[in-house]
2 protein chains.
Amino acid sequence: MQRMDNINTPAIADLSPERLLCLDIQMCFALYSASLSMSKIYKPLLAELGLTYPQYLVMLALWAQNEQTVGELGERLFLDSGTLTPLLKRLEKLDYIQRVRSKQDERRVIVTLTERGDALRQQAVQVPVQIAAKTGCTLQELQSLNEQLTRLRSRLIANL
Amino acid sequence: MQRMDNINTPAIADLSPERLLCLDIQMCFALYSASLSMSKIYKPLLAELGLTYPQYLVMLALWAQNEQTVGELGERLFLDSGTLTPLLKRLEKLDYIQRVRSKQDERRVIVTLTERGDALRQQAVQVPVQIAAKTGCTLQELQSLNEQLTRLRSRLIANL
DNA sequence: CAAAATAAGATTGTGTACAATAATAAATTG
DNA sequence: CAATTTATTATTGTACACAATCTTATTTTG
């Protein structure tokens with residue numbers, strides 16, 4: 001059943017500017033502050049692995065699929081080379097990854113896990129277990145939030 | 001009715017590490033990337049006001065209540081002086097705020113809107129209207145996300 | 001094939017975030 | 001009341017984010 005002319009869901013446009021302003025700001029701020037709080041929760045756990053939160057995301061992407069170009073990593077993580085290049089250089093200095101220019105296309109830089117970077121995966125498995133306890137989320141909440149935020153992100157990116 | 005022994009909501013602890021890892025990571029990444037996408041949506045609109053997104057949040061806090069100390073702003077926005085001090089200096093250079101040491105307690109710095117900063121409010125009212133269109137959220141989504149994210153943030157901060 | 005256009009990363013500059021530390025002021029306490 | 005402790009903000013250093021620009025390599029096109 002498609003949505004009918006809906007009495008229970010007033011359109012955004014029908015709200016008073018004040019109410020709209022209030023809700024919109026609240027949601028955006030909730031998003032912003034929840035995201036910062038989340039990275040603070042991760043910080044001490046990731047510090048044991050020598051990683052920051054964005055570095056952890058890159059490692060997750062590489063553990064899921066090794067050998068990706070900078071561009072591919074950027075597409076998956078929604079980050080550009082200005083963010084990734086220095087971050088990847090730090091991961092390289094830690095000997096978690098290797099950066100090698102492609103022979104087929106000298107413009108591309110291929111990022112590969114080192115042995116040490118691959119081994120780190122075993123240690124990293126415990127991270128989300130400890131995080132889950134700290135977030136105090138039910139499975140429903142995790143799933144629901146994940147879906148809503150992913151949908152939101154899609155719409156935002158489509159309108160950039 | 002309090003939650004009973006619930007067949008429909010398996011506990012986090014009952015999940016396999018793989019599934020937990022997957023969900024947890026997805027949610028955290030969704031949060032992180034949605035937050036970054038949101039600030040990208042705001043950026044061009046706020047640029048017209050000469051503001052960054054965190055600066056906009058500070059202005060919103062001051063429009064809601066003028067004359068706040070650095071500490072009070074930090075408590076509302078979940079930011080510390082290391083972030084706020086340079087940000088406030090930039091807002092001061094823009095002549096949107098004033099920073100004055102309290103006479104009663106020389107440790108405190110009181111932040112006040114300038115005439116220009118107060119006037120900016122009129123221009124800023126249109127921002128959330130334009131944002132709402134771009135987010136493509138229903139009222140339900142805004143409310144639901146706001147509540148969920150605020151609850152999440154509370155739990156995260158309680159566990160820092 | 002040479003010139004122009006496009007693509008992929010790197011670099012530069014600005015502005016957060018935040019831990020750690022410092023500097024100063026106020027409050028507490030022996 | 002002097003010494004210690006605590007509170008408030010500022011400073012320093014590291015690491016993102018990202019716009020704008022640059023460099024180099026590939027692709028397209030006349």
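Note that these values count all heavy atoms, side chains included, but never hydrogens, waters or copies made by symmetry. Everything numeric here is computed off the predicted structure, so don't read it as measured data. Just so it is clear: chains get the letters A, B, ... in the order the sequence lines come, proteins before strands, and each one is counted from 1.
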Checklist entry - Checking all strands, does Ser39(B) fall into the base, sugar-phosphate, or nothing category for heavy-atom contacts under 4.0 angstrom? => result nothing

Checklist entry - What about Ile110(B) and Leu113(B), same hydrophobic cluster or not, with Ile/Leu/Val/Met/Phe/Trp/Tyr joined at side-chain heavy-atom distances under 4.5 Å? => result no

Next on the checklist: Looking at Glu141(A) and Arg155(B), is there a salt bridge between them, counting it only when a charged N and a carboxylate O are closer than 4.0 Å?
Outcome noted: yes

Checklist entry - Does OP1 or OP2 of dG9(C) have a side-chain N or O of Thr69(A) closer than 4.0 Å? => result yes

Checklist entry - What nucleic acid atoms does Thr52(A) come within less than 4.0 Å of, heavy atoms only: base, sugar-phosphate, or nothing? => result sugar-phosphate

Next on the checklist: At 4.0 Å (heavy atoms only), tell me whether Gly71(B) reaches a base, stays on the sugar-phosphate, or touches nothing.
Outcome noted: sugar-phosphate

Item to check | Protein-nucleotide distance (Lys43(B), atom NZ; dG15(C), atom P), rounded to Å | outcome: 11 Å

Checklist entry - Whole-Å distance between dA8(C) P and Leu73(A) CG? => result 14 Å

Checklist entry - Between dA17(D) atom C1' and Lys40(B) atom NZ, what is the distance in whole Å? => result 8 Å

Item to check | Tyr32(B) vs dA17(D): side-chain N/O to OP1/OP2 distance below 4.0 Å | outcome: yes

Item to check | Nearest-nucleotide comparison on DNA chain C, the residue closer to the 5′ end among Phe78(B) and Pro86(A) | outcome: Pro86(A)

Checklist entry - At under 4.0 Å between heavy atoms, what does Leu84(A) touch on the DNA or RNA strands: base, sugar-phosphate, or nothing? => result nothing

Next on the checklist: What is the separation between atom CE on Met38(B) and atom C1' on dC18(D), rounded to the nearest whole Å?
Outcome noted: 18 Å

Item to check | Heavy-atom closest contact (Met59(B) atom, Gly117(B) atom, distance) | outcome: CE-O, 3.7 Å

Checklist entry - So Gln148(B) and Gln148(A), side chain to side chain donor-acceptor pair (under 3.5 Å) or not? Walk me through it. => result CA-CA 10 Å; Gln148(B) 290 176 82; Gln148(A) 290 176 83; 3.2 Å; yes

Checklist entry - Ignoring hydrogens and angles, does a donor from either the side chain of Ser81(B) or the base of dA10(D) sit under 3.5 Å from an acceptor on the other? => result yes

Checklist entry - Where along residues 92-110 of chain A does a heavy atom come under 4.0 Å from DNA chain D, residue by residue in number order? => result Gln104(A), Asp105(A), Glu106(A), Arg107(A)

Checklist entry - Atom CG of Leu77(A) and atom P of dC16(D): how far apart are they, to the nearest Å? => result 12 Å

Checklist entry - What residue pairs, at least two apart or across chains, pass side chain to side chain donor-acceptor pair (under 3.5 Å) with a residue in residues 90-101 of chain A? => result Glu92(A)-Arg99(A)

Checklist entry - Think Gln55(B) has a side-chain N or O under 4.0 angstrom from the OP1 or OP2 of dG15(C)? => result no

Checklist entry - Any chance CD of Gln130(B) has more than 12 other-residue heavy atoms, nucleotides or ligands included, within less than 6.0 Å? => result yes

Checklist entry - Can you check the Met59(B) CE to dT16(C) C1' distance for me, whole Å? => result 17 Å

Next on the checklist: Distance check needed: dA8(C) P versus Gln68(A) CD, whole Å only.
Outcome noted: 15 Å

Checklist entry - When the ring planes of Tyr42(A) and Tyr56(A) are compared, do they come out parallel, tilted or perpendicular, using 30° and 60° as the limits? => result tilted

Checklist entry - Of the nucleotides dC18(D), dA17(C), dT11(D), which has the atom closest to the Lys89(B) side chain? => result dT11(D)

Checklist entry - Among the nucleotides dA10(C), dC16(D), dT9(D), which one has an atom lying closest to any side-chain atom of Thr85(B)? => result dT9(D)

Next on the checklist: Between Ser33(A) and Arg153(B), do the side chains contain a donor N or O and an acceptor N or O under 3.5 Å apart?
Outcome noted: yes

Next on the checklist: I'd like to know if Lys43(B) pairs up with Glu48(B) as an ion pair, taking the criterion as any Lys NZ or Arg NE/NH1/NH2 lying under 4.0 Å from an Asp or Glu carboxylate oxygen.
Outcome noted: no

Checklist outcome for this item: Here the distance between atom P of dA15(D) and atom CG of Leu36(A), to the nearest Å, is 18 Å

Next on the checklist: With a 6.0 Å cut-off (strictly less than), is the heavy-atom count around CD of Gln65(B), excluding the residue itself, greater than 12?
Outcome noted: yes

Checklist outcome for this item: The bend of the helix from dC1(C)-dG30(D) to dG30(C)-dC1(D), taken between the axes of its five terminal pairs at each end and rounded to 10°, is 0°

Item to check | Candidate nucleotides dG15(C), dA17(D), dA19(D), ranked by approach to the side chain of Pro54(A) - the nearest | outcome: dA17(D)

